[in-house]
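It should be emphasised that the depicted structure is a prediction, and the values quoted were computed from it without experimental measurement.
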2 protein chains.
Amino acid sequence: MIDLFVIKVGGNVIDNPTLLEAFLQKFAAIKGKKILIHGGGKIATRMGDQLGIASRYVNGRRITDAATIDVVTMVYGGLVNKQLVAKLQANGCNAIGLTGADANIIPAVKRPVKEIDFGFVGDVTTDSVQAAPLQALLEAGMTPVFAPLTHDGKGQILNTNADTIASSLAIALSQHYSVRLIYCFEKKGVLHDANDDNAVINLIDRQIYEELKADNVLTDGILPKLENAFAAIESGVAEVLIGHADDVQSNTTDTVAGTLIR
Amino acid sequence: MIDLFVIKVGGNVIDNPTLLEAFLQKFAAIKGKKILIHGGGKIATRMGDQLGIASRYVNGRRITDAATIDVVTMVYGGLVNKQLVAKLQANGCNAIGLTGADANIIPAVKRPVKEIDFGFVGDVTTDSVQAAPLQALLEAGMTPVFAPLTHDGKGQILNTNADTIASSLAIALSQHYSVRLIYCFEKKGVLHDANDDNAVINLIDRQIYEELKADNVLTDGILPKLENAFAAIESGVAEVLIGHADDVQSNTTDTVAGTLIR
């Protein structure tokens with residue numbers, strides 16, 4: 001019996017006021033304990049441009065320099081996070097907006113410099129996540145809403161991938177709850193046929209996964225998502241669901257619209 | 001026996017990295033339950049200027065238009081608040097950064113338009129402050145750190161005076177704790193002699209206050225602070241202290257450096 005939903009919503013929803021409003025209404029209506037993790041969206045890039053701070057990429061990977069970490073702290077941790085909280089409150093959801101620095105919930109390590117210096121990017125190890133303060137918030141009836149930020153414990157905020165935060169929180173909380181980890185993305189789920197958006201595979205387990213791989217049904221984009229899903233399950237998460245943001249409410253029930261992985 | 005300190009620190013400390021670092025070390029070292037409320041500082045004005053958003057004032061009062069509320073949400077709620085949290089965590093204080101929207105702790109009303117339209121400014125009524133979620137955080141060993149922001153319950157973030165937030169929280173929490181409300185400012189306390197910074201009056205009660213007023217000892221600047229202090233005390237706050245940010249630690253003891261009002 002699932003008793004906690006850990007839900008990640010991406011920048012594409014954050015960037016679109018109509019999609020966002022619809023998503024937040026549905027998220028607010030989900031019964032029981034839940035946590036939201038939001039991506040950043042393009043607002044930080046736009047804000048950086050306006051402030052004359054150019055986004056730097058190496059091999060397609062964004063570099064978080066000193067000016068950029070201040071911008072993402074402002075935009076993700078302030079503007080986006082607090083607007084989401086205010087809107088969820090307006091929808092009757094008792095949201096509390098956090099970063100991984102708050103209550104030391106997600107300590108991280110600044111990514112070591114190898115070929116590329118990613119700058120102020122934080123890598124999270126699942127066993128460093130503090131479940132106790134999160135549990136205190138959940139048990140007090142609050143819905144934590146996380147910006148994709150962590151800290152190094154030495155006073156520095158770090159930029160961290162929202163998918164990673166979602167899976168790390170889900171794994172850490174699996175000690176105390178039976179967790180369904182839900183990734184909202186732009187498709188309804190994992191598809192039998194990449195050209196048919198309605199050809200959703202509703203259930204994937206390890207055996208089905210191996211068969212789908214052998215049959216070359218899965219696209220390159222979905223493979224790492226499924227690998228991450230099985231990694232989360234092997235670390236204690238009860239179920240992972242991949243589905244559309246529009247379906248977030250039904251994806252917390254037994255009759256899912258998306259793809260349930262377990 | 002005081003068992004909660006509600007401490008407000010102003011923009012002058014936030015704007016000065018050396019003062020801020022010293023203050024945070026002292027704040028972190030304070031024993032027992034505590035809450036920090038921080039002012040905004042000049043960073044929001046600077047950021048607004050960089051983004052081409054001019055600060056507007058009417059009769060010396062700042063107007064918070066739609067562009068400005070986004071800037072203060074970013075800067076106060078994101079950059080300043082989360083940097084304070086990360087630095088307090090580095091000093092061993094289990095800080096959690098909040099606005100009044102988070103967990104619906106400080107519902108506010110957008111200030112009604114009379115002669116001046118102040119824009120997105122929130123007025124707080126003490127009896128609307130939610131003590132229960134704050135109590136849950138304090139009892140879980142967390143130190144709430146508030147940005148000077150509230151919300152209207154309909155999805156809008158509002159700009160609110162940090163002194164008002166501090167006194168409203170102190171009054172609401174007086175139902176559950178014996179509270180000392182500490183205002184950090186640029187003097188050591190209320191002075192016998194405006195020209196002698198060390199002539200601190202260590203204790204003021206209603207009778208002493210009336211005598212000081214009759215003797216014209218008090219400057220115009222300090223009168224409203226003392227009026228607010230007595231208003232807080234009449235609403236249940238055990239003690240109010242006015243003192244320097246440098247003295248915050250000793251001002252949580254019995255031998256205060258500042259002015260204790262009760």
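- Of the two parts of B/Ala95, only the backbone, made up of N, CA, C and O, holds a non-hydrogen atom closer than 4.5 Å to a non-hydrogen atom of chain A.
- Residue-level contacts of residues 74-85 of chain A with chain B, in order of numbering, are A/Met74, A/Val75, A/Gly77, A/Gly78, A/Leu79, A/Lys82, A/Gln83, A/Val85; threshold 4.5 Å between heavy atoms.
- For chain A, the nearby parts of B/Lys87 are the backbone and the side chain; heavy atoms of each come within less than 4.5 Å.
- Ranked by heavy-atom pairs under 4.5 Å with chain A, the first of B/Lys154, B/Gln156, B/Met47 is B/Met47.
- Between chain B and the residues A/Gly100, A/Ala140, A/Gly97, A/Pro133, the most heavy-atom pairs under 4.5 angstrom are made by A/Gly97.
- For the set A/Ile105, A/Asn94, A/Val72, the count of heavy-atom pairs under 4.5 angstrom toward chain B peaks at A/Asn94.
- Most heavy-atom pairs under 4.5 Å with chain B, from the set A/Leu51, A/Leu98, A/Leu24, A/Val145: that is A/Leu51.
- The contact between A/Leu137 and chain B is made entirely by side chain atoms (from C-beta outward), counting heavy-atom distances below 4.5 Å.
- The CG atom of B/Asp70 sits 9.0 Å away from the CD1 atom of A/Ile43 when rounded to the nearest 0.5 Å.
- The CG atom of A/Leu88 sits 12.0 Å away from atom CG of B/Asn104, with the distance rounded to the nearest 0.5 Å.
- Heavy-atom pairs under 4.5 Å with chain A peak, among B/Ala86, B/Gly52, B/Gly141, B/Cys93, at B/Ala86.
- Contact count versus chain A (heavy atoms, under 4.5 Å) is highest, among B/Asn91, B/Val71, B/Asp152, B/Thr99, for B/Thr99.
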